[in-house]
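Here's the structure we're looking at; comments come further down.
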Amino acid sequence: MIYSTATVPVNPAGETPLTRDQVWKGLEAKARDARLFLPEGLCTGCDVTEESATHFVREATIAGADLREIIVLEPKRKITFFQATGPREGAIVNELFEDPDGALQLRFYCHLGLRDRAPGGPEEQAEQASFDSERGYKAALLSTLERTRELLADGRL
């Protein structure tokens, strides 16, 4: 199994401050269309195919892999991406919370396995190392906040 987590401050010194509402708008926009947030060409398709009061389903092609995710929104608090099809199975979570000093934080965590691969095998170990690397999910959190600031400045969010 792959377990990874990363947390970053939403409003580090020197950055344009974001409110919880603004970050939430960015997270929800990313959940609905990852193409707005991922590096160009990494996500070549991302469409919401089903929507209900409790969740929506998106089908996407990310890094060449077709996947279907059931996405559950806990407004202004948490988004959970359940991997229904694709190379991984399990859940990825993006969560907004205040630390003990009241500063807004954005946390990623996941608990995943690779479909049709040996648990704990070399593929899972490589995936774990990638998630935990400097270019892994901590970098993804920082780029999500950066892109949210850009979209807000452009009036697109």
Side-chain angles (χ1 to χ4, degrees), residues 2-84 86-88 90-112 127-157:
I2 300 162
Y3 177 76
S4 186
T5 187
T7 302
V8 298
V10 169
N11 294 309
E15 293 290 345
T16 303
L18 295 171
T19 66
R20 179 183 283 271
D21 287 344
Q22 290 170 324
V23 177
W24 181 255
K25 284 180 185 176
L27 290 173
E28 188 171 5
K30 184 178 181 180
R32 291 183 177 281
D33 191 351
R35 291 173 290 202
L36 294 171
F37 288 81
L38 295 176
E40 189 171 338
L42 186 61
C43 179
T44 56
C46 191
D47 299 298
V48 173
T49 59
E50 178 185 326
E51 195 152 359
S52 78
T54 60
H55 69 279
F56 63 91
V57 176
R58 81 173 184 189
E59 295 190 18
T61 303
I62 300 175
D66 294 328
L67 53 106
R68 180 179 304 119
E69 295 171 300
I70 301 165
I71 300 172
V72 177
L73 305 172
E74 296 179 39
K76 299 180 187 176
R77 187 172 162 270
K78 186 189 295 186
I79 298 179
T80 305
F81 301 79
F82 294 98
Q83 308 293 291
R88 298 176 193 92
I92 295 171
V93 178
N94 284 232
E95 180 179 32
L96 276 170
F97 69 97
E98 283 86 14
D99 68 15
D101 297 324
L104 192 58
Q105 305 287 315
L106 178 57
R107 174 174 36 214
F108 155 88
Y109 57 95
C110 71
H111 197 180
L112 300 168
E127 192 93 353
Q128 179 78 57
S130 175
F131 282 10
D132 292 341
S133 76
E134 286 301 312
R135 294 178 48 193
Y137 275 97
K138 182 175 182 179
L141 292 174
L142 294 170
S143 69
T144 295
L145 293 171
E146 179 182 338
R147 185 68 176 138
T148 298
R149 286 181 174 90
E150 290 170 1
L151 291 170
L152 284 165
D154 292 344
R156 295 176 47 203
L157 191 61

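The structure presented is a predicted model; accordingly, all values stated were derived computationally and were not measured.
Here the closest heavy-atom approach between residue Trp24 and residue Leu96 is recorded as N-CD1, 4.1 Å. Considering all non-hydrogen atoms of both residues, Thr148 and Gly26 come closest at OG1-CA, 3.6 Å. Residue Ala31 comes nearest to Ile71 through the heavy atom pair O-CD1, 3.7 Å, listed as atom of the first residue, atom of the second, then distance. Scanning all heavy atoms of the two residues, the minimum distance from Ile92 to Phe108 falls at CG2-CE1, 3.4 Å. The two residues Pro17 and Asn11 make their nearest non-hydrogen contact at CA-OD1, 3.1 Å. For Leu112 against Gln83, the heavy-atom pair with the smallest separation is CD2-CG, 3.9 Å.
In terms of the salt bridge (Lys or Arg N to Asp or Glu O under 4.0 Å) criterion, Lys78 has no residue partners (sequence neighbours excluded). The side-chain hydrogen bond (donor to acceptor under 3.5 Å, both in side chains) test applied to Lys25 returns no partner, not counting sequence neighbours. Every residue meeting the ring-ring contact (aromatic ring centres under 6.0 Å, His included) condition with Phe131, not counting sequence neighbours, appears here in chain and number order: Tyr137. For Asp99, there are no salt bridge (Lys or Arg N to Asp or Glu O under 4.0 Å) partners at least two apart in sequence or on another chain.
Separating the CD atom in Glu95 from the OG1 atom in Thr80 is a distance of 8.5 Å, to the nearest 0.5 Å. Rounded to the nearest 0.5 Å, atoms CD1 (Ile62) and CD (Glu69) are 6.0 Å apart. Atom NZ of Lys138 sits about 11.5 Å away from atom OG of Ser4, to the nearest 0.5 Å. Taking CZ of Arg77 as the reference point, atom CZ of Arg20 lies at 9.0 Å (rounded to 0.5 Å). Interatomic distance, Ile79 CD1 to Leu73 CG, rounded to the nearest 0.5 Å: 5.0 Å. Note that the OG atom of Ser133 and the CD atom of Gln128 stand 10.5 Å from one another [nearest 0.5 Å].
Lys30 places none of its side-chain heavy atoms less than 4.5 Å from the side chain of Leu36. Residues Asn94 and Leu141 form a side-chain contact, since some pair of their non-hydrogen atoms from C-beta on lies under 4.5 Å apart.
When only modelled atom types and interatomic distance are considered, Gln105 and Glu98 share no side-chain donor-acceptor pair under 3.5 Å.
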Could you list the donor-acceptor pairs under 3.5 angstrom formed between side-chain atoms of residues 41-51 and any protein atom two or more places apart in sequence or on another chain?
residue	atom	partner	partner atom	Å
Glu51	OE1	Arg32	NH1	3.4
Glu51	OE2	Arg32	NH1	3.2
Glu51	OE2	Arg32	NH2	2.7

> Are Leu106 and Leu27 close enough, and set up right, to give a side-chain contact (heavy atoms from CB on, under 4.5 Å), and what steps lead you there?
Replying inline: CA-CA 10 Å; Leu106 178 57; Leu27 290 173; 3.9 Å; yes

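For the pair Asp33 (side chain) and Arg35 (backbone), a donor-acceptor distance under 3.5 Å is present.
Judged as a salt bridge (Lys or Arg N to Asp or Glu O under 4.0 Å), the pairs with a partner in residues 8-19 (not counting sequence neighbours) are, in order, Glu15-Arg149.
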